[in-house]
Student: 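Sharing a structure below in structure tokens format, with a few things to ask.
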Amino acid sequence: MAKFMFAFHGGAMPESQEEGAINMAKWGTWVEGLGASIAVPGSVVGGASTVSASGVADGGGSDPLSGYMVVVEADQVAALDIAKNSPIVENDGWVEVAQLMEM
């Protein structure tokens, strides 16, 4: 089994409390369905800064992170199948999937 980081990007902000509650319920159902595949439940993230040799830039760049989690799966294909069903995908966002390598 291998570990994969899911980096969530984008996703439309809910236009009402009701829409927000519906989105949260979808996330809860999806995460609950992952069961033992979740290694690190992760979190939604707030404002970001980017640190480079030229200094610090606020805002997280052109593609800011909106959340993350770590899953354990047999291979990249299985991890991608999980990511395809993420609620963020149906909410104008996307998931970057990267295998975590043992050091």
Student: Are the side chains of Leu65 and His9 in contact, using a 4.5 Å heavy-atom criterion?
Tutor: yes
Student: If you look at every heavy atom in Val97 and Ala83, which pair is closest and at what distance?
Tutor: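 Shortest heavy-atom contact: CG2-CB, 3.7 Å.
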Student: Decide whether Val31 and Tyr68 are clustered together by the hydrophobic rule: side chain heavy atoms of Ile, Leu, Val, Met, Phe, Trp, Tyr closer than 4.5 Å, transitively.
Tutor: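 Per the 4.5 Å side-chain linkage, Val31 and Tyr68 are not co-clustered.
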Student: Let me check something: do Val45 and Val89 share a hydrophobic cluster, defined by ILVMFWY side-chain heavy atoms less than 4.5 Å apart, either directly or through other members?
Tutor: no
Student: Can you give me the closest heavy-atom contact between Gly59 and Pro64, atom names plus distance?
Tutor: O-CB, 3.9 Å
Student: Please collect all salt bridge (Lys or Arg N to Asp or Glu O under 4.0 Å) contacts where either partner lies in residues 59-86, sequence neighbours excluded, each pair once.
Tutor: Asp81-Lys84
Student: Just jot down the side-chain hydrogen bond (donor to acceptor under 3.5 Å, both in side chains) partners of Asn85, sequence neighbours excluded, or say none.
Tutor: none
Student: Taking the side chain as every heavy atom from C-beta outward, state whether Val72 and Ser37 have any atom pair closer than 4.5 Å.
Tutor: no
Student: Counting heavy atoms not belonging to Glu96, are there more than 12 under 6.0 Å from its CD?
Tutor: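 No, CD of Glu96 has 12 or fewer neighbouring heavy atoms, counting only those of other groups under 6.0 Å.
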Student: For residues Gly10 and Ser66, report the shortest heavy-atom separation together with the two atoms involved.
Tutor: O-OG, 3.3 Å
Student: For Gln76, enumerate each residue passing the side-chain hydrogen bond (donor to acceptor under 3.5 Å, both in side chains) test, keeping only those at least two apart in sequence or located in another chain.
Tutor: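 None.
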Student: Measuring from Glu15:CD to Glu18:CD, what's the distance to the nearest 0.5 Å?
Tutor: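 Answer rounded to 0.5 Å: 12.0 Å.
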Student: Mind listing the closest non-hydrogen atom pair of Gly11 and Ile88 along with its distance?
Tutor: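 For Gly11 versus Ile88, the nearest heavy atoms are CA-CG1, 4.1 Å.
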Student: Hydrophobic clustering (ILVMFWY, side-chain heavy atoms < 4.5 Å, transitive) - are Val70 and Ile82 grouped together?
Tutor: no
Student: Which value, rounded to the nearest 0.5 Å, describes the distance between Met13 atom CE and Asn91 atom CG?
Tutor: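 The CE atom of Met13 sits 9.5 Å away from the CG atom of Asn91.
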Student: Please round to the nearest 0.5 Å and tell me the distance separating atom CD of Gln99 and atom CE of Met101.
Tutor: 5.0 Å
Student: Report yes or no: do Met24 and Ile22 belong to one cluster of Ile/Leu/Val/Met/Phe/Trp/Tyr joined by side chain heavy-atom distances under 4.5 Å?
Tutor: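 No, Met24 and Ile22 fall in different hydrophobic clusters.
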Student: For a quick test of reading the model, state the closest non-hydrogen atom pair linking Ala79 to Phe6 and the distance between them.
Tutor: O-CZ, 3.3 Å
Student: List in chain and number order the residues that pass side-chain hydrogen bond (donor to acceptor under 3.5 Å, both in side chains) with Thr29, two or more places apart in sequence or in another chain; answer none if no residue qualifies.
Tutor: none
Student: Is there a chain of hydrophobic side chains (I, L, V, M, F, W, Y, each step under 4.5 Å between heavy atoms) that links Met5 to Ile38?
Tutor: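 Met5 and Ile38: separate clusters.
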Student: Strictly by salt bridge (Lys or Arg N to Asp or Glu O under 4.0 Å), give each pair with a member in residues 25-39 just once, sequence neighbours left out.
Tutor: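 Residue pairs passing salt bridge (Lys or Arg N to Asp or Glu O under 4.0 Å), neighbours aside: Lys26-Glu90.
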Student: Residues in ring pair (Phe, Tyr, Trp, His ring centres under 6.0 Å) with Trp27, at least two apart?
Tutor: Phe8, Trp30
